Amino acid sequence: MTSTPDPTSATDGRPPIRTDLEQLRGAFGFGVAGNFAGHLEQAGEASDFVGVVAEQGAPKGIFPFYVPGGDTFLGAFPLSSDRTPLPVQDEPANLQLEPEVGVLFRAVYGSDGAVAALEPFALGAFNDCSIRRPGATKISQKKNWGAGSKGVAAELFAVEDLDPEGATREFRLASFLRRDGETHPYGQDSPLPAYSYYGAQLVDWMVERLAHQEGGDGTPLEDVGALLRAGRPELLLVGIGATRYTEYGETTFLREGDVSTVVVYDGAASTPEQVLAAVAADDTSTLAGASVLRQEVVAG
């Protein structure tokens with residue numbers, strides 16, 4: 001990952017930005033909940049938001065998954081580009097792949113210390129992997145159980161905006177799980193503009209949520225803006241929401257030996273059938289214009 005992407009490095013059709021995990025140790029991480037119609041219901045989380053007031057069609061809110069230097073579980077650096085370790089616990093770990101688009105932003109702060117603007121500069125495949133914990137009072141409690149809790153692709157696309165009519169208008173998001181030699185679609189292959197909020201609408205909404213979202217008892221959400229004001233990091237990594245699951249994805253938890261793959265790809269360069277075939281062959285190097293996140297599920 002570089003501050004100024006070099007488009008000349010993409011002569012082979014691959015995304016031009018290499019992800020630098022060490023640099024991302026200083027990047028605040030948060031996600032968007034309920035930005036794809038039907039996902040919360042499939043994930044069994046719709047009931048968590050019964051008391052959350054949101055405009056019709058809008059996402060439910062934002063949640064933190066990584067706070068650089070934080071002194072709680074959110075201070076554990078969770079990003080990996082190749083593995084998902086199972087949490088060490090007595091009961092079964094009900095983990096689900098959450099295929100998302102991850103966006104890197106530069107944060108612009110106002111004189112009051114609050115985020116005044118978010119400037120996107122990179123975009124690619126992201127896994128907001130979640131542990132289904134009945135009784136969790138905050139969304140963040142399902143998001144970070146230590147190293148490898150989250151996944152980000154090793155290569156990202158350079159972007160200047162998220163305009164649904166702009167450079168990403170043909171981009172699509174797909175995900176798969178390989179188990180026992182068979183590859184299964186895990187999330188529904190979906191165009192990026194199909195997000196409930198995308199483009200300037202999403203960015204403006206996130207800035208507003210950082211300014212006004214509150215936490216407290218009775219809500220699964222937290223005051224994410226206050227966490228940002230405390231450290232004022234320049235970089236933010238945001239998972240903008242998971243797609244709907246296929247029937248297989250909705251009913252299948254991850255286990256040791258699985259291989260998950262999330263692909264953000266240019267639909268003008270590759271078809272869904274070509275993406276599935278490349279993932280099934282475990283050779284995505286043949287895909288032009290694709291950000292690929294491949295992670296092996298391993299013992300914790």
Side-chain angles (χ1 to χ4, degrees), residues 1 17-33 35 43 45 61-89 93-105 107 122-133 136-156 175 177 186-187 206 220-222 224 227-228 230-231 233-242 253-256 258-262 264 291-300:
M1 185 179 64
I17 300 180
R18 290 288 300 176
T19 303
D20 184 342
L21 290 180
E22 285 304 308
Q23 186 176 359
L24 289 182
R25 286 184 179 276
F28 189 100
F30 73 86
V32 177
N35 196 23
E45 295 181 338
I62 58 178
F63 58 85
F65 64 79
Y66 176 54
V67 179
D71 57 5
T72 71
F73 67 95
L74 291 173
F77 181 66
L79 297 176
S80 173
S81 293
D82 58 8
R83 63 203 303 266
T84 301
L86 296 169
V88 178
Q89 57 185 43
N94 292 331
L95 299 186
Q96 276 186 296
L97 169 66
E98 293 213 14
E100 302 198 14
V101 172
V103 182
L104 282 169
F105 291 92
L123 171 156
F126 181 72
N127 176 13
D128 182 31
C129 194
S130 293
I131 182 169
R132 304 306 178 194
R133 282 179 167 148
T137 58
K138 301 294 181 185
I139 292 295
S140 63
Q141 294 168 4
K142 307 176 184 181
K143 299 297 183 179
N144 188 336
W145 59 88
S149 304
K150 294 280 167 283
V152 61
E155 295 176 325
L156 307 173
S175 60
L177 189 72
Y186 200 87
M206 290 192 297
L221 303 175
E222 297 165 74
V224 182
L227 295 173
L228 269 174
E234 177 189 3
L235 295 181
L236 307 182
L237 174 60
V238 182
I240 66 172
F253 294 124
L254 304 183
R255 71 186 188 197
E256 186 177 355
D258 288 345
V259 176
S260 69
T261 305
V262 181
V264 174
S291 171
V292 181
L293 169 63
R294 179 189 183 278
Q295 293 177 284
E296 297 184 22
V297 181
V298 299

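Just so it is clear, the structure is predicted and the values come from calculations on it, not from any experiment. Counting begins at 1 with the first residue of the sequence.
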Q) By salt bridge (charged side-chain N to carboxylate O under 4.0 Å, His left out), which residues pair with Arg255, not counting sequence neighbours? A) Asp180

Rounded distance [0.5 Å steps], [atom1] in [X] versus [atom2] in [Y]:
X	Y	atom1	atom2	result
Leu235	Arg25	CG	CZ	14.5 Å
Leu254	Gln295	CG	CD	9.5 Å
Leu79	Glu22	CG	CD	11.0 Å
Leu74	Ser140	CG	OG	5.0 Å
Asn94	Lys142	CG	NZ	11.5 Å
Ile131	Gln96	CD1	CD	11.5 Å

For a 4.5 angstrom cut-off between non-hydrogen side-chain atoms, does [X] reach [Y]?
X	Y	answer
Leu104	Ile17	no
Phe105	Met206	yes
Leu228	Leu236	yes

Using a 3.5 Å distance criterion without hydrogens, assess whether the side chain of [X] forms a donor-acceptor pair with backbone atoms of [Y].
X	Y	result
Ser291	Leu156	no
Asn35	Ile240	yes
Asn144	Pro78	no
Arg83	Val298	no
Lys143	Ser130	no
Glu98	Cys129	no
Thr19	Ala153	yes

Atom of [X], atom of [Y] and distance for their closest heavy-atom approach:
X	Y	result
Ala76	Gly146	CB-CA, 4.1 Å
Pro85	Gly300	CB-CA, 4.2 Å
Leu177	Tyr186	CB-CD1, 3.8 Å
Leu95	Pro87	CD1-CD, 3.8 Å

Q: Report the C-alpha distance between Val238 and Ile62 in whole Å, list the side-chain angles of each, state the deciding distance to 0.1 Å, and finish with yes or no for side-chain contact (heavy atoms from CB on, under 4.5 Å).
A: CA-CA 10 Å; Val238 182; Ile62 58 178; over 6 Å; no

Q | side-chain contact (heavy atoms from CB on, under 4.5 Å) partner of Val262, the single match among Val292, Val101, Leu97 | A | Leu97

(Q) Applying the ring-ring contact (aromatic ring centres under 6.0 Å, His included) criterion to Phe65, which one of Phe126, Phe73, Phe28 satisfies it? (A) Phe126

Q: Would you mind checking if Glu155 and Arg294 are paired as a salt bridge, meaning a charged N to carboxylate O distance below 4.0 Å?
A: no

(Q) Can you confirm whether the side chains of Lys150 and Ser80 place a donor and an acceptor under 3.5 Å from each other? (A) no

Q: Please lay out, stage by stage, how Gln89 and Trp145 fare under the test side-chain contact (heavy atoms from CB on, under 4.5 Å).
A: CA-CA 10 Å; Gln89 57 185 43; Trp145 59 88; over 6 Å; no

**Q.** Verdict with reasoning, Ser175 to Thr261, per side-chain contact (heavy atoms from CB on, under 4.5 Å)
**A.** CA-CA 6 Å; Ser175 60; Thr261 305; over 6 Å; no

